[in-house]
Every structure is written in structure tokens, then in C-alpha cells.
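One structure below.
One-based numbering, in listed order, for ligands and for the atoms of each.
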Amino acid sequence: MRRSVFFLPTLKENPAEAQIVSHRLMLRAGMIRQHAAGIYNWLPLGLRVLRKVERIVREEQDAAGAQEILMPTVQSAELWRESGRYEDYGKEMLRITDRHERDMLYGPTHEEVVTDIFRQNIKTYRDLPKMLYQIHWKFRDEVRPRFGVMRGREFLMKDNYSFDLDFAGARRSYNRMFVAYLRTFARLGLKAIPMRADAGPIGGDLSHEFIILAETGESGVFCHKGLLEMTVPSNVDYEGDLQLLVDEWTSLYAATDEKHDPGSAEVTEIADELVSARGIEIGHIFYFGTKYSKAMNAVVTGPGGEPVTVEMGSYGIGVSRLVGGIIEASHDDAGIIWPESVAPFKVGLINLKVGDATTDRMSEALYITLRKAGVEVLYDDRDERAGAKFADMDLIGLPWQLIVGPKGVARGVVELKNRATGQREEISVDAALSRLGA
Ligand code: P5A
């Protein structure tokens, strides 16, 4: 993509409305623009990141055996009356009346809709287990939407729902998601800590929140020090028994599950082995048994011909929140530092002297070669000051900067800068290309 045509409205100044660093940087880097309180437009740079996060989330859901579906955003209130949540959900639910005066709503979550799909189409235990997920927009009329995409009113969620014949099966589904979450967050370059949690309005008695550490987080983490050092297995056999792995991760909590008020410091040691920190909830998983299946009559025929009310769980990831969360976890004073797995482009190619024939020729050649090799590259071909180009490239945080100037070109060299380490080195054009995978 050529910077001269790319729709990338970066800002030099810090926008006054942004209180936390990720919100500031997303606005400054031209990723998002606010439409209304808690409702955002995603511009091309932001959308590229959102799609990459989405893709990793999807790959890990598929690997864990879940199947993707797409449910409507606008739902009928009737299903929610059946589950009993229509009145309970309160003001967070955006209620809509259609032209026939029917009560509708914009989905804040999809337990009811998916249970309805299930009961209409699955009748026998032979079709179990099933895990159905979607990646779709939700609306929750939050009292205090804030921090940009972190606490939006409209936000993108991955929501998965599991259906099993009995508790043992439901537990296996829960464990699969637990492990899929560890893998997903690791691929996104995040250290996520599973914490026992309240089930809240979703209901149920087994639940974990996944929290990434950040000074600006709204959740408290209170756990054994060892949990911060655990590493996620790079290879998982989902057909094997995952209970041991989950037990290992869940054995390292503090003695109490009570919500702990973290101090201001990022991670504080509060007792010999216990640490307290502040973090952002990026995922939340629930086992709630027959709460919805019973109320909505989601029943299958069991092995002996008897009717069995299915056991369910639901599993959410805040996909749009993750984009902000990754920035909270990875930035410096100059801007964003994208992990390669979600970077909007891998390389920022900077032409330091537009109009100089040899520099132009070299830059164009590099641009074409990288693109042909399938390397995602943003080519800054604008006639701007070098300082402005560097600042802009640092702000948007692409992992590599390839800098082409007249002096280097005369000697057959270019400069390669690593955004994360800040390290710059002069290397030959061929070496630069091979380092970038072209
Ligand atoms: C699980 C999937 C549920 O809704 N039902 C379907 C369950 N869980 S949850 O914890 O309420 O939400 C799941 C994740 O969505 C993100 N999230 C938000 N992101 C941005 N803005 C919001 N207002 C918001 N609310 C929830 C969180 O990451 C949460 O873990």
C-alpha cells in the first residue's frame, strides 16, 4: 500500500478526550474514530489489525473443534422472555420496537438464540458434543462507556457455546476452551492470566476471566507468583485429556477468590508468594449447566431413549477490546509496537528523498519485490520531511522499517530498523530483503 493514497489520518497532537494510552494511540494512529459515545468507526489501519486478531481467534476456535456460525444482531424479545432474562437484563439491553410493535433487541449476548438453534435442530445424544461460535457485534448500553474500544457500547466479540450430554462432557468442553484461550492470547503476544470469576448475569457456577496485566486495567488480579511465569504449550492434542493442564494453571491462585483491590503499581508482591496487579479482562468463560436448556427446553434423546436436558457453557473473547489491550501491553513514548502476528503491515518502507531519481528507483523496486513475495508493506512515498516520516512510522508501530536514502543507495545499502528494540543497521539490499522474507 502506498502511503500517498492510503486513508491514514494520523494526528500529531494528543486528543483531549482520550484518558488511556491505547485510546490515545488508536486515535493518533488513525485506527478508529468515534461515531457516538462508545461507538466507533474502524478505519483501514485499525480494521487490518482487528481482522488479524479475529483470524487468530478463529484459527484457535477451529483447532479446538468449534464450528463457526453467524447469528443475527437483532433478536426477538420472545426468546429472552422464555429464558427469563428479558426483564433481568435491565438498561444495558438496547430495546427496539419494530413496525408491527413487536419487541426486539440488539443482542448483548447470544445464549438464547443459540439454544433456540440447538433445540430446533439437534435431537439425539449422537450429535453431541457441539461447540458453535461466531465473531460478531454486540451492543451493551454501558453506563460509562470509556477508554475507547476497551469499554465500548458496540463491540466485537467471539462468543462460543457448548452443548454436552452430561457434566463430564461439559467439563471437557470447558477445558478445551480454557486451553484454546491460553493459546490464542499467547499468539497475540499477550500474557493472559486465568482468574476464577463471578458468573454475573450470564449465570452458572464455574467461570474464569482471562486478564492481561496493564496499569490502566479495571480488573484485579490476585494470584500466586508462579502463574505469571507459566508458559503455554505450543502443541495441544484436543482429543487428549486436558484436565491435568487446566489443573496446573488453576492450582496457582491465591487462598481466596475474593475480589482484591489492586494498588496502583503494576505488579506488587503482597505476601511471600502472592502478587496483586491490575489488568484488563479480555476473555471470560462460563459453565452454567442447564440454566438455559431447562428454561428453553433444549432436550435430546439419551442412549437409553430417555430425554436429557443438555449441559451448556459459553465462552467470550473481547475481540475489539483486544486491539486496545495489545497496545496497552506493547507501546513506548513514540507509539505502538505491534507484535508481528497482528501488525497491520510487516514493513514500513520509507523513501527519504522523493524526487531523487536513484532513491525513487530503489524504493519502487523494493516495494515491488516485497509485495511480489507476499510481504505486507506500507510504502511512504510522500514528499515529506524525513523527521515527520520517522515519527509517523514509529507511531503506527510496524515491526520493521526499511529506510532508503540517497547516500546509502549510492553504496548499495539501506537501513533496517526494528521497531521493538529500536536497533538500526545498514545492510545490503539483498540482505534486507532476505531478512524480511522476500
Ligand atoms: C460469553 C460469551 C459473555 O457475554 N456470553 C457469550 C458470555 N461474557 S462477557 O464476559 O460478558 O463478555 C465476554 C468478553 O467480551 C468483552 N466485553 C467487552 N468489550 C468491549 N466493550 C465492552 N463493553 C465489553 N463487555 C464485554 C470482554 O473481553 C469480555 O471478557
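- Ligand 1 has a nitrogen or oxygen under 3.5 angstrom from a nitrogen or oxygen of Gly152.
- The part of Glu142 lying near ligand 1 is the side chain, judged by heavy-atom distances below 4.0 Å.
- Near His284, the atoms of ligand 1 lying under 4.0 angstrom from a non-hydrogen atom of the residue are 10 (O), 30 (O).
- Remark: Gln423 CD is loosely packed, at most 12 non-hydrogen atoms of other residues, nucleotides or ligands lying under 6.0 Å away.
- Close approach to Arg140 involves these atoms of ligand 1, each under 4.0 Å from a residue heavy atom: 3 (C), 4 (O), 9 (S), 11 (O), 12 (O), 25 (N), 26 (C).
- Every atom of ligand 1 is numbered from 1 in the order shown, and the set under 4.0 Å from a heavy atom of Ile282 is 28 (O), 30 (O).
- Ligand 1 places these atoms under 4.0 Å from at least one heavy atom of Asp159: 2 (C), 6 (C).
- Note that Arg424 lies in the cation-pi zone of Phe390, set by a 6.0 Å cut-off to the ring centre and a 45° limit from the axis.
- Residue contact annotation: Lys138 has no non-hydrogen atom under 4.0 Å from ligand 1.
- Every pair tested for side-chain hydrogen bond (donor to acceptor under 3.5 Å, both in side chains) that includes a residue from residues 227-237 fails, sequence neighbours excluded, so the list is empty.
- The cationic atom of Arg119 (NZ for Lys, CZ for Arg) does not lie both less than 6.0 Å from the six-membered ring centre of Phe163 and within 45° of the ring axis.
- Annotation for ligand 1: atoms under 4.0 Å from non-hydrogen atoms of Glu111 are 5 (N), 6 (C), 7 (C).
- Considering Gly316, Gly283, Gly148 only, the shortest heavy-atom separation from atom 1 (C) of ligand 1 involves Gly316.
- Val149 counts as a contact of ligand 1, since one of its heavy atoms falls under 4.0 Å from the ligand.
- Under the 4.0 Å criterion applied to side-chain N and carboxylate O atoms, Asp166 and Arg172 are not assigned as salt-bridge partners.
- Using a 4.0 Å cutoff on heavy atoms, Ser320 does not count as a contact of ligand 1.
- Here Thr109 has side-chain heavy atoms under 4.0 Å from ligand 1, and that is the only part of it that gets that close.
- When only interatomic distances are considered, the shortest N/O to N/O separation between Arg151 and ligand 1 does not fall below 3.5 Å.
- Crowding of Glu78 atom CD: a count of heavy atoms from other residues, nucleotides or ligands under 6.0 Å not exceeding 12.
- Stacking of Arg48 on the aromatic ring of Phe345 is recorded, both the 6.0 Å distance cut-off and the 45° axial limit being met.
- With sequence neighbours left out, the side chain to side chain contact (heavy atoms under 4.5 Å, CB included) criterion links Asp141 to Phe139, Arg153.
- Ion pairing between a basic and an acidic side chain is recognised when a charged N comes within 4.0 Å of a carboxylate O; Glu13 and Arg24 show no such pairing.
- Those atoms of ligand 1 that come under 4.0 Å of a heavy atom in Glu281, given as number and element, are 10 (O), 27 (C), 28 (O), 29 (C), 30 (O).
- The existence of a salt bridge linking Arg144 and Glu218 is excluded, since no basic side-chain nitrogen approaches an acidic carboxylate oxygen closer than 4.0 Å.
- The atoms of ligand 1 that sit less than 4.0 Å from any heavy atom of Tyr315 are 1 (C), 2 (C).
- Every atom of ligand 1 is numbered from 1 in the order shown, and the set under 4.0 Å from a heavy atom of Tyr161 is 6 (C).
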